[in-house]
Protein chains: 2
Amino acid sequence: MPNIREVAGLAGVSVATVSRTLQQPERVSPKTRSRVMSAISEVGYKPNLMAVKFRSGKTQNLVVLVPTVANVFFARVISGMQEAAAERGYSLLLGNTLGNEEIEAGYAKMVQTSQADGLIQLRAHNPFDSSMLKDRELLPMVNACEVLDTSLCPVVTLDNRTAARAMTRHLISLGHKCIALIKGPKSSPLTQERLAGYRDALAEAGIAFDDALLFAGDFTLQSGHEAAKHILAHNTRPTAVFCENDETAIGAMQGFKQAGLKIPDDISVAGFDDIAFSAFSDPPLTTIAQPAEEFGHTAVNLLIDVLDGKIKRAPKVIMPYELIARASTGPAPRAI
Amino acid sequence: MPNIREVAGLAGVSVATVSRTLQQPERVSPKTRSRVMSAISEVGYKPNLMAVKFRSGKTQNLVVLVPTVANVFFARVISGMQEAAAERGYSLLLGNTLGNEEIEAGYAKMVQTSQADGLIQLRAHNPFDSSMLKDRELLPMVNACEVLDTSLCPVVTLDNRTAARAMTRHLISLGHKCIALIKGPKSSPLTQERLAGYRDALAEAGIAFDDALLFAGDFTLQSGHEAAKHILAHNTRPTAVFCENDETAIGAMQGFKQAGLKIPDDISVAGFDDIAFSAFSDPPLTTIAQPAEEFGHTAVNLLIDVLDGKIKRAPKVIMPYELIARASTGPAPRAI
DNA sequence: GTGAAAGCGCTAACAT
DNA sequence: ATGTTAGCGCTTTCAC
C-alpha cells in the first residue's frame with residue numbers, strides 16, 4: 001500500500017502538502033494540487049483511514065447493541081440507524097447480544113478501548129461499568145425502544161402505556177369485555193408498560209381486571225402459538241386477545257385458526273409494532289405502528305450530538321404511534 | 001484517558017514492560033508484573049485498540065454488504081456471521097446497500113482505506129474497483145448466498161437449481177401438472193437457477209413448460225400478494241404455485257385465501273428459505289430450508305482464512321438444503 | 001528481565 | 001503557498 005510519503009516524493013512536495021491537498025484543497029495552489037492529484041492516482045494512493053482515526057482520536061464508529069437481529073422490528077430500527085449513520089459519516093458496529101449482560105459489557109468495552117465513539121442500546125440495561133461515568137455528565141450512549149428511566153443518556157421511546165391503552169380501548173369499543181393479554185418477556189419494561197396501559201383501559205371502562213387473562217410470552221412466534229393453546233384451554237374463552245407484539249399475535253392467530261376459530265368472528269387478535277408480515281397475515285393484523293426507522297434515525301442523531309458536545313442534558317424523545325385497525329379485530333361475538 | 005506512559009510512570013518501569021505485561025506476561029518477572037497490574041487498575045488504564053490496530057495494520061473489522069437487513073433470511077445469515085466473527089475476534093461493519101452498486105463501492109472502499117480487513121458480499125456483484133486485484137491472487141472477500149461464478153474469492157452457496165428441482169418434483173409427485181412459478185428479482189442469479197431447476201423437473205416428468213405460468217416477483221410479501229392476483233386472473237388456474245422465497249409465498253397465500261381459495265385443497269403453495277414465519281403461517285408453509293446461520297459462519301471463517309493467508313485458491317462451498325413438507329402443499333385437486 | 005528508541009501514516013502547529 | 005517537525009499510543013527490535 002503506497003503511503004503519503006510516496007505520493008509526496010513523486011509529486012516533489014512535502015507530505016504536509018499532500019495532506020492539505022486532500023483536506024483543504026483551497027489552501028494549495030492549483031498547479032501543485034494537480035501535480036499531487038496525478039501522483040496520487042499514479043501510485044494508487046488511498047489514505048489509511050485507520051491512521052487518521054488513530055490520530056484524531058475519533059473512530060467514527062458506533063456500537064449498536066441489539067438483543068437479536070432476527071427480530072423483524074429491530075431489523076427495521078437498525079436499517080434506520082444505518083441510514084442516519086452513513087449520512088453523518090459514521091459506521092455501525094453490530095452487536096447481537098441475545099440480551100446477555102456479559103456480551104453487552106464486552107461490546108461496551110469497545111467504547112472504552114477507543115474502537116467506537118459511542119453506543120446505542122436497544123434494551124433497558126446500562127452496559128457500561130462504573131468507571132465510565134467519572135468526570136462526565138453524560139454517557140456516550142443513547143437508549144432506544146426499550147428504555148431505562150435515567151438521566152445518564154438520551155432516550156428514544158414511545159409511550160407504550162398510552163399506546164397499549166389505546167389498543168385495549170379499541171377492543172373495548174368493539175364490545176369486548178373479556179380480553180386476554182399475551183405478555184412479552186418478564187424482564188422487559190415494555191411488558192410492564194403495556195400491561196399498565198391495558199389495565200388503565202379496563203379500569204376506565206369499568207371492567208374488572210383478571211390476572212387469569214394474562215398469558216406468558218416472549219415476543220416470538222412460537223410463544224404466541226403456545227399462548228393460544230393455553231387461552232383455548234381457559235375455562236371461559238376470551239373474545240379478544242391483545243398481544244404485546246406482532247410476532248406473538250401471528251403465532252397466536254395460527255393457533256386459533258388451527259383450532260377451528262374464525263378471526264375476528266370468534267376471537268379478535270391485536271398486536272403491537274406493525275412489522276411487514278402483519279399487513280399480510282390472514283386476516284391482516286390490527287396493531288400499533290411504531291416508526292421503527294425513525295427510532296433508528298433519532299437515536300443515531302442524538303448520539304452523534306452527544307459526542308459532538310451539542311447536548312448537555314439527556315433528553316427524552318417520545319416517538320408517535322398509530323393504531324392501525326385491520327381485519328383481525330371485529331365486534332365481540334354474542335356471549336356463548 | 002490514561003495511556004501506557006502513565007502506567008509505566010506510576011509502576012516505575014518502561015512502556016515496553018507495560019506492553020509486555022499485557023501481551024506476553026511470561027516474559028516479565030512476577031513482581032514487576034504485579035506492580036504493573038496494580039498501576040493499570042489504579043489509573044484505570046484501557047489500551048487504545050485503535051492505536052494497536054493502526055500499528056499492526058489489522059483492523060479486525062469485516063464489512064458485510066447486505067441488500068437489506070429487513071429481509072428475514074439475511075437477518076439470520078448476519079446473526080451467524082456475528083457469532084463466528086466474535087469467536088475469532090472480529091467485528092462486523094454492516095452495510096445496508098439496497099443492492100445499489102455505488103453504495104456497495106463506498107463500503108468496499110473501507111477495505112482499501114484500511115478501515116476493514118475484508119468484505120462479505122451477499123449479492124452477486126463484485127464491489128471492488130479494478131485497482132484491487134493487482135499483485136494479489138485472491139480478493140479479501142467472500143461471496144455468499146447469491147453468488148458470482150468467479151475464482152476471485154471463495155464462494156458459499158447452495159445448489160439452488162437442484163433444490164428448486166426437488167421442490168418442483170415434490171409438487172409433481174402430488175399430482176400437480178399445472179404449476180406456476182413466482183420469480184425473484186430479474187437481476188438475481190438465484191432467479192435463473194431456481195427457474196432452471198423448475199424446468200428440469202418439468203422436463204423430467206414430461207410436462208410441457210409454459211412461460212405463461214411464470215409470474216414476476218421481487219422477494220417481498222407485497223409482490224407475492226400481487227402475483228397471486230395475477231395467477232387468479234389467469235385463464236386456467238394452476239393447482240400449485242412454487243414461490244422463489246418464503247415472503248413471496250406468504251404474500252401469495254394471503255392473496256389466495258382472501259379470494260376464498262383453500263390451501264392446499266384448491267391450490268398448493270411452496271416457498272424457499274424456511275424463515276421463522278413459515279412454520280407459523282396458515283397453513284404452515286412447505287419450503288426449502290437453508291442453513292442460514294451456517295452460511296454466515298462459513299463465510300466469516302473462509303474470509304478470515306483468506307486474510308490469514310491460509311487459503312490460496314478460491315473454494316466453492318455448497319451448503320446442504322432440506323425440503324420441509326408442511327401443510328401448504330397437498331394432492332392436486334381433480335381437474336375443474 | 002528490562003529499557004531505549006524507532007516508527008506505523010497521518011495531521012497540525014509552527015516556520016519560512 | 002509550502003516545508004519542517006513533533007507527536008497520536010502502541011509494539012518491537014536491539015541493547016544491556
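In the text below, chain A, chain B and the rest are named by the order of the sequence lines, each starting its count at 1.
Nearest-nucleotide mapping onto DNA chain C: of L22(A) and E26(B), the residue sitting toward the 5' end is E26(B). With the nearest nucleotide of DNA chain D identified for both R27(B) and V52(B), V52(B) has the one nearer the 5' end. The 5' end of DNA chain C is approached more closely, in terms of each residue's nearest nucleotide, by V28(B) than by the other of V28(B) and K46(A).
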Can you pull every protein N or O that's under 3.5 Å from an N or O on nucleotides 3-7 of chain D?
residue : atom : partner : partner atom : Å
dG3(D)  : OP2  : S14(A)  : N            : 2.8
dG3(D)  : OP2  : S14(A)  : OG           : 3.3
dG3(D)  : OP2  : T17(A)  : OG1          : 2.6
dG3(D)  : N7   : R20(A)  : NH2          : 2.8
dG3(D)  : O6   : R20(A)  : NH1          : 3.2
dG7(D)  : N2   : R55(A)  : NE           : 2.3
dG7(D)  : N2   : R55(A)  : NH2          : 3.4

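S29(A) has a side-chain polar atom (N or O) that falls below the 4.0 Å cut-off from OP1 or OP2 of dT2(D). Residue N3(A) places at least one side-chain N or O under 4.0 Å from the OP1 or OP2 atom of dG9(C).
Pairs of residues two or more places apart, or lying in two chains, that qualify as salt bridge (Lys or Arg N to Asp or Glu O under 4.0 Å) and include a residue from residues 70-91 of chain B are R76(B)-E293(B), R88(B)-D305(B), R88(B)-D308(B).
Scanning for side chain to side chain contact (heavy atoms under 4.5 Å, CB included) contacts around Q24(B) gives R20(B), E26(B), R27(B), with sequence neighbours left out.
In this structure, Q115(A) atom CD and dC10(D) atom P are separated by 13 Å, rounded to whole Å. Atom NZ in K58(B) sits roughly 18 Å away from atom P in dC8(C) (whole-Å rounding). Between the CE atom of M50(A) and the P atom of dG9(D) there is a distance of 15 Å, rounded to whole Å. Computed from coordinates, the F54(A) CZ to dC10(C) C1' distance equals 9 Å when rounded to whole Å. Rounded to a whole Å, the CD atom of Q23(A) is 17 Å from the P atom of dG9(C). As a whole-Å value, the separation of R35(A) CZ from dA1(D) P is 14 Å. Nucleotide dG9(D) holds its C1' atom 6 Å from the CG atom of N48(B), rounded to whole Å. The separation between K53(A) atom NZ and dT11(C) atom P is 13 Å, rounded to whole Å.
Here the straight-line distance linking atom NZ of K109(A) with atom CG of L49(B) works out to 11.0 Å at 0.5 Å rounding.
Each of L65(A), T97(A), I103(A), N143(A) was compared with P127(A) under the side chain to side chain contact (heavy atoms under 4.5 Å, CB included) criterion, and only L65(A) meets it.
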Candidate pair E104(A) and R123(A), rule salt bridge (Lys or Arg N to Asp or Glu O under 4.0 Å), full reasoning: CA-CA 10 Å; E104(A) 289 180 342; R123(A) 206 173 71 90; 2.7 Å; yes
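Of the possible donor and acceptor atoms, one in the side chain of T157(B) sits under 3.5 Å from a partner among the backbone N and O of C145(B). Not a single donor-acceptor pair under 3.5 Å links the side chain of T32(B) to the backbone N or O of V28(B).
At the heavy-atom level, S19(B) lies under 4.0 Å from base atoms of the strands shown.
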